[in-house]
Amino acid sequence: MSNPAQRPAQAIEVTDATDATIEVTIWSLEQTSPADLRPAAVPEGDLRIVRSEVVLPEFSRFLYSAVGGDIHWTDRLGMTYAQWQELLQRPGAETWVAYVNGTPAGYVQLDAQDGGVVEIMYFGLIPVFRGRRIGGHLLSCGVARAWDLAERWPERPPTERVWLHTCSKDGPYAMDNYLRRGFRLFDTKTEVEPDVATPGPWPGAYGA
């Protein structure tokens with residue numbers, strides 16, 4: 001699945017020919033009206049999407065590592081407990097979790113920014129739940145919650161724009177999901193990043 005909201009790493013100057021690097025294409029997409037959202041069909045089965053309202057770095061880090069462990073999500077792995085807590089406590093920060101038969105299956109993390117802008121910071125499914133039509137519905141719900149975020153945060157202005165990042169390290173269906181939900185491409189760039197091993201939720205997961 002996608003890591004649309006992982007912030008792109010800064011361009012890296014390659015000074016040692018032996019350093020392993022990878023060229024990554026980063027796409028930025030947006031919606032500028034609630035009418036842009038094209039919801040996916042709701043899949044069958046016991047699927048619930050619930051907001052995680054308690055600031056809990058342990059749970060947030062679990063979701064991050066379980067969802068992104070096989071697609072190179074690494075930017076938050078070195079953060080301290082206090083840093084996780086600070087990000088989760090930001091006004092307008094929300095985490096919406098998909099549960100299948102009571103088990104966490106994936107999540108959407110929203111970050112309210114200046115000027116009525118909401119970024120979908122992270123979105124994706126734990127690998128075992130991919131390919132079951134859950135992602136389209138989870139993304140639809142996350143985008144809808146981005147558009148009505150000010151209803152839950154009276155100090156925030158109404159949402160005027162929802163945006164996200166995705167990149168060439170994401171799953172093969174990530175971009176198609178965003179486009180089907182009504183997102184439009186507004187920027188493309190290429191950067192060079194270190195070619196790091198997939199971390200998994202723990203070393204050795206997914207055959208890494």
Side-chain angles (χ1 to χ4, degrees), residues 1-10 26-40 42 47-64 67-68 73 75-76 79-99 104-125 134-167 170 174-175 177-187:
M1 289 302 295
S2 66
N3 176 19
Q6 181 171 2
R7 296 187 182 282
Q10 297 297 315
I26 299 161
W27 299 282
S28 297
L29 301 97
E30 67 180 353
Q31 293 184 6
T32 53
S33 166
D36 291 338
L37 174 59
R38 299 197 296 269
V42 180
L47 171 63
R48 296 179 299 119
I49 298 175
V50 180
R51 180 182 166 196
S52 179
E53 297 190 49
V54 177
V55 173
L56 193 63
E58 295 93 334
F59 186 47
S60 187
R61 195 182 192 283
F62 156 73
L63 291 170
Y64 175 86
V67 169
W73 289 15
D75 62 322
R76 290 193 171 186
M79 285 171 41
T80 66
Y81 191 92
Q83 288 172 325
W84 278 96
Q85 206 162 29
E86 181 181 0
L87 284 171
L88 296 171
Q89 288 175 334
R90 286 166 53 93
E94 294 186 349
T95 300
W96 292 83
V97 184
Y99 291 88
Y107 76 117
V108 177
Q109 188 169 13
L110 307 178
D111 183 59
Q113 300 171 349
D114 293 340
V117 175
V118 178
E119 180 180 1
I120 297 182
M121 186 72 68
Y122 290 94
F123 157 72
L125 297 174
I134 298 170
H137 178 56
L138 175 58
L139 180 61
S140 300
C141 291
V143 175
R145 298 294 72 77
W147 280 113
D148 63 20
L149 187 139
E151 296 177 11
R152 298 179 297 281
W153 299 85
E155 69 273 28
R156 302 292 311 180
T159 301
E160 297 183 4
R161 177 173 176 258
V162 178
W163 75 291
L164 55 83
H165 286 123
T166 188
C167 74
D170 270 343
M175 178 66 83
N177 192 11
Y178 302 133
L179 296 175
R180 285 177 178 271
R181 304 288 78 77
F183 281 93
R184 298 180 300 275
L185 183 70
F186 72 88
D187 186 53

Applying side-chain contact (heavy atoms from CB on, under 4.5 Å), name anything that partners Pro154, two or more places apart in sequence or on another chain. none
Got a sec, which residues hit salt bridge (charged side-chain N to carboxylate O under 4.0 Å, His left out) with Arg48, two or more places apart in sequence or on another chain? none
The criterion is side-chain contact (heavy atoms from CB on, under 4.5 Å); which residues satisfy it with Leu87, sequence neighbours excluded? Arg76, Met79, Arg90
Sequence neighbours left out, what passes side-chain contact (heavy atoms from CB on, under 4.5 Å) with Val42? Give chain and number order. His137
When Phe183 is tested against each of Ile120, Thr166, Asp36 for side chain to side chain contact (heavy atoms under 4.5 Å, CB included), which residue passes? Ile120
Using distance only, find each side-chain donor-acceptor pair of residues 53-60 under 3.5 Å and give its atom names and separation, not counting sequence neighbours.
residue	atom	partner	partner atom	Å
Glu58	OE1	Tyr81	OH	3.3
Glu58	OE2	Tyr81	OH	3.4

For Arg180, what residues pass the side-chain hydrogen bond (donor to acceptor under 3.5 Å, both in side chains) criterion, not counting sequence neighbours? Asp176
If the condition is side-chain hydrogen bond (donor to acceptor under 3.5 Å, both in side chains), which residues does Arg152 pass it with, not counting sequence neighbours? Glu94, Asp148
Applying salt bridge (charged side-chain N to carboxylate O under 4.0 Å, His left out), name anything that partners Arg156, two or more places apart in sequence or on another chain. none
Who passes ring-ring contact (aromatic ring centres under 6.0 Å, His included) against Trp84, sequence neighbours left out? Tyr64
For the ring pair Tyr122 and Trp73, is the centre-to-centre distance below 6.0 Å? yes
Taken in chain and number order and not counting sequence neighbours, the residues that satisfy side-chain contact (heavy atoms from CB on, under 4.5 Å) with Pro39 are Leu37, Ser140
